[in-house]
Amino acid sequence: MNLSFLSPLFLIGLAAIALPIIAHLISRKSGVKKSFPAVNFLISSQGELATRSKIKDIILLILRALILVFIVLVFAKPAVFSFSTAQDNTPKSQAIVVDNSFSMGYGNNFSRALSKTQDLIDSLPDGSSAFITSLVPDNKQEPPLIQDKTLLKKALKEIEISNTFTENEKRLQDIYTKLQKAPSERKGVTLITDLQKNGWKNEGFQRSWLEVIDISQKQEASNHAVSQTQLKYENNSIIIEAEVSNFSSDPVQKLLMRTSLGDQEIREFLDIGPEDGSVKKFNFSTEKTEMPSHGSVETSHDKLKVDDIRHFIINGQDQFRILIVDGDSREDSRLSETYYLARALETISELSDTNISIIDNDSFLDEDLSGYGLIFLANIGEITPRIAKDLEEFTNSGGYTVIFLGNRVRAGYYNTLLENILPGELQNIEEQKLSLLPEDSGIFSKDINEKVGQVKIQKLFNIEPNAESATLISASNNKPFLVKKEYGKGSVFIFTSTADSSWNNFSITPVFLPVIKKIHDFPYYTKSQRNYLVDETVNIDISQDTESAIVIDPSGHQFKLKVEAPEFGKTRLPGIYIVEEDGENAYEFVVNIDPRESDLKKTSIPSIESSSEQTQGLVKVFKDIWRYFLWGVVALFVSEATFRAIFS
Amino acid sequence: MSNGILDIETALRLKGFHFRTPSKVRGYKAGIHKSYYHGISPDFLDHKEYNKGDELKQIDWRLYGRHDRLYVKKFEDEVNMRWCILIDKSASMGYGENKSTKLNYAKKLSATLAYLLLKQGDSVGLLGFSEHDIEFIPPKAGSPFITPIVDKLESFKPSGTTGIKEPVLKALEAYRSEASFVIVSDFLIKPEKIEESLKLIRNSMKEVSLFHILHPDEIDFDFRGSVEFEDMETNAKVIVDTDSIRHTYKKRMGKFIERLKMICHENETRYVFSPINKSIENSLIEIADK
């Protein structure tokens with residue numbers, strides 16, 4: 001809202017405010033002069049009354065001055081106005097999009113956006129139709145175009161801030177597409193946003209139908225966030241490593257961190273440089289107390305509070321376990337099939353709490369696979385029907401199986417026993433000098449894809465991927481090198497060459513470790529850690545015989561799950577979620593903010609300052625408010641008279 | 001002799017009244033006041049046994065007949081009294097319109113009192129005072145002495161500040177023997193100073209009466225609106241909203257008068273409240289005997 005005057009010349013009358021002030025000063029300096037004998041009595045009497053009299057005088061002065069100001073304002077006809085985006089008052093179809101992404105929670109950005117939207121609704125020309133929607137969709141059906149401004153404001157009230165972001169360009173394009181159905185010729189989308197860059201792929205995004213209003217007042221948003229937590233289990237303690245990132249150009253000093261685990265709490269101070277991160281370790285003893293199921297790391301709050309806390313759950317006995325089956329084990333481990341694989345996984349386990357077991361082919365045949373999250377089979381020659389079935393069940397229930405081939409592998413044997421889980425049919429071994437080519441799978445990072453060409457292959461199995469499979473890396477003869485197949489809740493990866501360096505140099509190139517890490521992370525983050533990001537869909541693990549299951553979110557709301565397809569998508573709130581099966585607590589999972597969202601840097605998308613009057617093509621829509629001042633004058637007169645009567 | 005300040009009519013109305021001191025005095029002429037000395041007054045006082053040197057004519061022969069012992073009669077001796085009228089002529093006494101000032105009222109009261117005192121045979125002196133200006137006429141008896149007193153009174157103009165101690169000391173120095181002091185003033189000074197002066201007088205075994213002269217404006221404070229007041233003696237200025245201050249002022253003035261009365265009572269002093277709208281007759285009658 002902005003203020004203007006329809007008859008501003010009358011404001012000259014404000015000079016009249018000097019009258020009561022002058023009168024006040026004159027009454028203080030002169031008056032009727034008189035000689036009097038008992039002035040001492042007057043002085044002592046006045047001393048008693050002086051304070052009361054002064055206050056009375058000042059109040060009367062203020063009241064009288066206000067009366068004059070209000071009278072002048074009545075004549076000057078003040079009016080509040082807002083800008084309408086209309087070129088004229090012809091009706092139009094307008095979509096008003098309120099940015100409800102995570103960053104709008106900074107300071108009072110969101111309330112300013114709502115207020116600005118109210119103004120825009122008020123300024124819509126008569127006969128216009130509009131709808132109000134949020135930038136981050138809330139899974140509700142998009143509202144229809146309506147003309148009733150009251151209903152539009154009601155729709156505005158239903159918009160809530162989200163803890164994530166979306167693909168902004170796509171979302172805005174979808175909204176504009178919806179507007180195309182509107183009958184009006186003039187159509188436009190107004191986005192009210194803080195212009196934080198998350199969600200914008202193209203920072204130069206600009207459309208003729210799009211008007212962007214920046215409500216952030218060009219402020220530089222400084223923010224810090226708890227960006228990551230890592231848990232390590234030792235004999236009698238849990239070490240929680242918490243990383244705090246500083247996204248501002250100023251250093252953060254003596255930031256209070258509080259890590260709590262059950263009734264234990266540790267506080268530390270942390271210094272972080274500008275645009276930097278810092279890690280702090282918190283060591284909790286597990287000797288005496290019963291282990292709690294979850295905890296949190298929190299810092300003292302800045303203007304964006306939601307990312308100042310990060311929750312974690314304690315796996316306890318469910319430590320992530322990896323099984324490596326070495327089909328060609330040797331006494332000298334360096335000659336073993338899995339030497340490089342084991343080293344890579346040991347390195348990865350330093351970052352994540354992981355237990356690694358290495359067994360040979362014989363032991364594997366008797367191994368119980370149910371406790372593992374990830375199994376590597378490296379050049380396994382012997383597979384029994386029982387272990388093949390176990391492997392199938394393991395994968396179906398969410399386990400990940402990674403198969404490296406080799407000279408011990410018999411293709412027909414594999415194709416028969418592992419038919420259901422194998423990503424393709426194994427064929428002949430091909431001997432040829434090949435290199436690797438990246439595939440646009442979206443799984444591996446750009447860095448991996450660039451370096452994958454360093455891998456040289458001498459020998460590999462040809463495989464015919466089946467329909468459900470996806471080739472992630474190919475050899476230069478366009479034959480698959482790495483193929484993935486999802487099976488049940490788990491997945492199977494197959495490398496068509498060896499895990500050691502006998503058929504290729506893959507295991508000794510810089511690509512090996514990140515590829516294994518990526519594969520390791522799938523089960524590690526999606527199953528063992530039960531660690532999700534806001535708005536992520538969670539596949540709930542429920543036991544086979546469960547009749548009913550619910551998820552309780554951090555605010556206590558209960559959501560009933562479909563047992564036959566137990567997916568849960570209402571992870572809008574960060575915190576601890578509880579899964580209950582048949583009324584009993586089954587397990588917990590944790591939802592946190594995507595740490596990328598905490599970086600509040602702005603885009604360069606052209607925008608209109610919400611407070612600016614230089615809004616090209618906008619028209620002012622006025623609303624008279626002088627009547628309120630008229631009532632004010634009456635009220636002030638009554639007050640002044642009452643005050644005088646009381647204190648005279 | 002001018003009739004300007006001497007109110008003859010009032011004086012005539014008070015002719016039947018005598019102005020006496022409540023205690024005995026040591027006068028030197030026959031008068032109406034009881035004397036420490038037993039003498040020729042017709043009022044019988046007591047008997048005492050005859051001693052050598054007593055007047056034989058004072059022997060009460062009737063008692064001798066009854067008791068067979070010689071007693072002499074003792075009579076009270078009535079002597080005249082010496083009065084000192086101290087009149088305040090400070091600037092504050094000049095308050096009032098035209099001739100209705102406090103000083104004029106004080107002059108009339110003093111002149112009339114002096115006339116009556118001289119008429120009853122007492123001697124009267126006059127002391128006009130402000131803090132640093134004292135004019136004194138020594139006491140004399142006899143009606144003709146009213147003329148210089150009235151002339152002196154008429155010459156008084158209001159000026160200077162009020163100060164009572166110096167004039168009292170001056171009067172005490174002049175009146176070493178018995179005397180009665182009459183102080184006519186608005187007493188607009190600290191009560192402690194008034195009390196101090198009264199004690200000085202009372203410790204000198206002298207009688208004292210106060211006429212407290214005030215203008216009705218000083219009592220009722222009947223002003224309106226915002227007024228800048230300037231003190232007539234100190235020139236101190238103060239702007240007041242008379243409507244809001246009236247109640248507090250009157251309360252303070254009332255307390256001051258009560259305090260003055262209390263001081264007088266404690267020092268066996270007659271206090272006469274004499275606002276200038278009170279007749280001279282009514283003021284004087286308060287210290288007169290029938």
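In what follows, chains are A, B, ... by sequence order, proteins preceding strands, each numbered from 1.
How far CD1 of B:Ile245 is from OG of A:Ser44: 8.0 Å, rounded to the nearest 0.5 Å. Note that OG1 of B:Thr242 and NZ of A:Lys34 are 11.5 Å apart. Values are rounded to the nearest 0.5 Å. Between atom CG of residue A:Leu42 and atom NZ of residue B:Lys237 there is a gap of 15.0 Å, rounded to the nearest 0.5 Å.
Around the CZ atom of B:Phe136, the shell of radius 6.0 Å holds more than 12 heavy atoms that belong to other residues, nucleotides or ligands. Within a 6.0 Å sphere centred on NE2 of B:His265, other residues, nucleotides and ligands contribute 12 heavy atoms or fewer. B:Glu9 CD: 12 or fewer foreign heavy atoms inside a 6.0 Å radius. The number of heavy-atom neighbours closer than 6.0 Å to CD of A:Glu160, taken from other residues, nucleotides and ligands shown, is 12 or below. In this structure, B:Lys278 places its NZ atom where more than 12 heavy-atom neighbours from other residues, nucleotides or ligands lie under 6.0 Å away. Enclosure of atom NZ in B:Lys170 is not indicated, since only 12 or fewer non-hydrogen atoms of other residues, nucleotides or ligands lie within 6.0 angstrom. Within 6.0 Å of the CD atom in B:Glu192, the count of heavy atoms belonging to other residues, nucleotides or ligands exceeds 12.
Summarising the geometry of B:Arg252 relative to A:Phe41, their closest heavy-atom pair is O-CE2, 3.9 Å, with the distance given to 0.1 Å. Smallest separation of non-hydrogen atoms from B:Asp231 and A:Val39: OD2-CB, 3.3 Å. Of all the heavy atoms in B:Tyr95 and A:Ser35, the pair that sits closest is CE1-O, 3.4 Å.
Ring-plane geometry between A:Phe36 and B:Phe221 is classed as perpendicular, the angle between the planes exceeding 60 degrees on a 0 to 90 degree scale with a lower cut at 30.
Proximity to chain A (any heavy atom under 4.5 Å) is shown, for B:Glu218, by both the backbone and the side chain.
Using a 4.5 Å heavy-atom cutoff, the side chains of B:His215 and A:Pro37 are not in contact.
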